Amino acid sequence: MITEAVASVAGDNAPLHTPEISGNEWEYVKDCLDTEWVSTVGSYVNRFEEALTEITGAKFAIATSSGTSALHACLIVAGVGREDEVIVPALTFVATANAVAYQGATPHFVDCELTTLGIDAAKLDQHLSDTAELTGDGCRNRKTGRSIRALICMHTFGHPCDLDGLKALCDRWRLVLIEDAAESIGSYYKGQHTGNTGVLSALSFNGNKIITTGGGGAVLTNDEDLARRIKHITTTAKTPHAWEFVHDEIGYNYRLPNVNAAIGCAQLEKLPEWLHQKRALAAKYRDVMKELAGISYFDEPAECVSNYWLNVVMLDEDKIELRDVILEALNGAGLMSRPAWTPMHMLEMFGKCPRGDLSTAESVFRRLINIPSSPRLA
Ligand SMILES: *Cc1c(COP(=O)(O)O)cnc(C)c1O
């Protein structure tokens, strides 16, 4: 049933998401090698950053060595430190929570909503009313005594989360809004590219994302001072000087190498074509899933345009026990499929972190399946 339905769209053998190398990648990388501009300075880094600002509409883009390092840089610049908590969705890739831990801070896990798979703003507002208070120093967790500094929302599998609701909530509770837009290049919320509502946003260009640089990421922001801060701490906090080494704080080697940026420049040229293909693929899956009982295709939220990074099907509540049987069948048939990430609070290192009720995240974890989603399958 579902195996046949997925095979009717994706063919006999299909990885979950493959990098597509079909444009100017070879030419641009060869140019780096020929000119010996291979490392963390070079024209492709600048070109890549410019292209990112054009595509996303963000004023500034700073390329980084990974999406994780981009997230970490966002938290540093947002002033998150030890003794702070950061609101993080329980349903996310582990890097979102890890970046908080890198700062010595504590992730505080909250639930998602079924319409977007992102943070449920209304439920979080209620949870904060129950557990937190506003003080002269911002939001404070009454139970742990720690400050809740920031909120990282995430656009799950490319579907934009409730940015208006979360922005209003962050204003009310005085939290810095950071978007983990690692999965959402090419996704729009009410006509605006994701990554423009948060004070800072992180993109990823890992090999399994829509756009890849091999490994890489970027920070987006519309604030010039923050952009300067991000650039500074991701390039070892070196002060400008013709020949002297002076570093004015502890910085990081988080800059994207020029060779990787060259790949990224070629990839971004293909983004419109791939987004088009991914919509076509989503339409095919939506169609074949209509015929199946007990399972439904997860569609882009209202007023949003999703990049459909990974296609999602959701089992009905009473079909939960079938998830692993279906995953076995799909993977056995060469149709690479995966469950959602194990929710963060169920991972050992985050088991004792503060959290709200996470019943929707737990339900989604037991019901969600990602199916093959490479653009070329369209
Ligand atoms: C991929 C991803 C990251 C991390 O990006 P890397 O480039 O692999 O470090 C962070 N958050 C989410 C939601 C992701 O999907």
Side-chain angles (χ1 to χ4, degrees), residues 15-19 48-49 52 61-76 78 86-103 107 109-110 112 116-119 150-161 163 166 177-187 189 194-195 198 200-220 230 234 252-257 260-261 263-264 267-268 278 306-312 338-345 347 350 361 364-365 368 370 373-374:
L16 192 60
H17 204 285
T18 39
F48 186 56
E49 290 176 337
L52 287 175
I62 302 94
T64 59
S65 54
S66 70
T68 309
S69 59
L71 276 171
H72 185 200
C74 290
L75 289 163
I76 296 169
V86 175
I87 302 287
V88 172
L91 187 76
T92 187
F93 179 61
V94 70
T96 322
N98 279 345
V100 174
Y102 296 164
Q103 273 311 89
F109 298 116
V110 300
C112 61
T116 66
L117 302 181
I119 292 178
L151 177 153
I152 310 179
C153 64
M154 201 274 282
H155 307 294
T156 314
F157 305 123
H159 299 299
C161 67
L163 282 170
L166 291 169
L177 179 60
I178 296 169
E179 289 177 62
D180 181 344
E183 306 177 353
S184 70
I185 190 162
S187 297
Y189 177 83
T194 51
L200 295 148
S201 304
L203 302 178
S204 165
F205 308 109
N206 190 21
N208 64 347
K209 300 285 167 33
I210 290 189
I211 294 293
T212 186
T213 55
V219 175
L220 301 179
I230 292 280
T234 55
Y252 296 81
N253 179 11
Y254 279 174
R255 193 74 171 144
L256 185 72
N260 299 82
I263 297 173
Q267 291 264 303
L268 287 179
K278 288 181 82 66
S306 175
N307 64 11
Y308 287 100
W309 172 49
L310 292 185
N311 285 276
V312 170
R338 292 287 181 266
W341 314 277
T342 300
M344 297 301 105
H345 64 294
L347 300 177
F350 296 128
V364 167
F365 170 55
L368 184 152
N370 287 128
S373 298
S374 305

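Being a predicted model, the structure only gives us computed values, none of them experimental. When a residue number appears, it is its place in the shown sequence, counting from 1. Each ligand, and each atom within it, is numbered from 1 in the order the structure gives.
When only modelled atom types and interatomic distance are considered, T194 and S187 share no side-chain donor-acceptor pair under 3.5 Å. Between the side chains of H159 and T116, no donor N or O sits under 3.5 Å from an acceptor N or O.
Not close to ligand 1: H155, with no non-hydrogen atom less than 4.0 angstrom away. At least one heavy atom of G216 lies less than 4.0 angstrom from ligand 1.
Between the side chain of T64 and the backbone N or O of Y254, no donor-acceptor pair lies under 3.5 Å. For the pair S66 (side chain) and G215 (backbone), a donor-acceptor distance under 3.5 Å is absent. Although no hydrogens or angles enter the test, the distance criterion places no donor-acceptor pair under 3.5 Å between the side chain of N311 and the main chain of S373.
Between F48 and F205, the ring-plane angle classifies as perpendicular under the 30° and 60° cut-offs.
Residue F93 approaches ligand 1 through these ligand atoms, each under 4.0 Å from one of its heavy atoms: 2 (C), 3 (C), 10 (C), 12 (C), 13 (C), 14 (C). Close approach of ligand 1 to G67 is summarised as follows: ligand atoms under 4.0 Å from at least one heavy atom of the residue are 5 (O), 6 (P), 7 (O), 9 (O). Against a heavy-atom cut-off of under 4.0 Å, N206 is close to the following atoms of ligand 1: 7 (O), 8 (O).
Closest to atom 1 (C) of ligand 1 among all protein heavy atoms lies K209 NZ, 1.6 Å. Scanning all protein heavy atoms for the shortest distance to atom 5 (O) of ligand 1 gives S204 OG, 3.2 Å. Nearest to atom 9 (O) of ligand 1 among the protein's heavy atoms is T68 OG1, 2.5 Å. Ranking protein heavy atoms by distance to atom 15 (O) of ligand 1, first place goes to E183 OE2, 2.5 Å.
Proximity of S66 to ligand 1, defined as any heavy-atom pair under 4.0 Å, is shared by backbone and side chain alike. Proximity of D180 to ligand 1, defined as any heavy-atom pair under 4.0 Å, is confined to the side chain (atoms from C-beta onward).
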Query raised in the report: Could you go step by step and tell me if D180 and V88 meet the side chain to side chain contact (heavy atoms under 4.5 Å, CB included) rule?
Result: CA-CA 10 Å; D180 181 344; V88 172; over 6 Å; no
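Checked options C161, P89, S184, C112; the residue passing with M154 is P89 (criterion: side chain to side chain contact (heavy atoms under 4.5 Å, CB included)).
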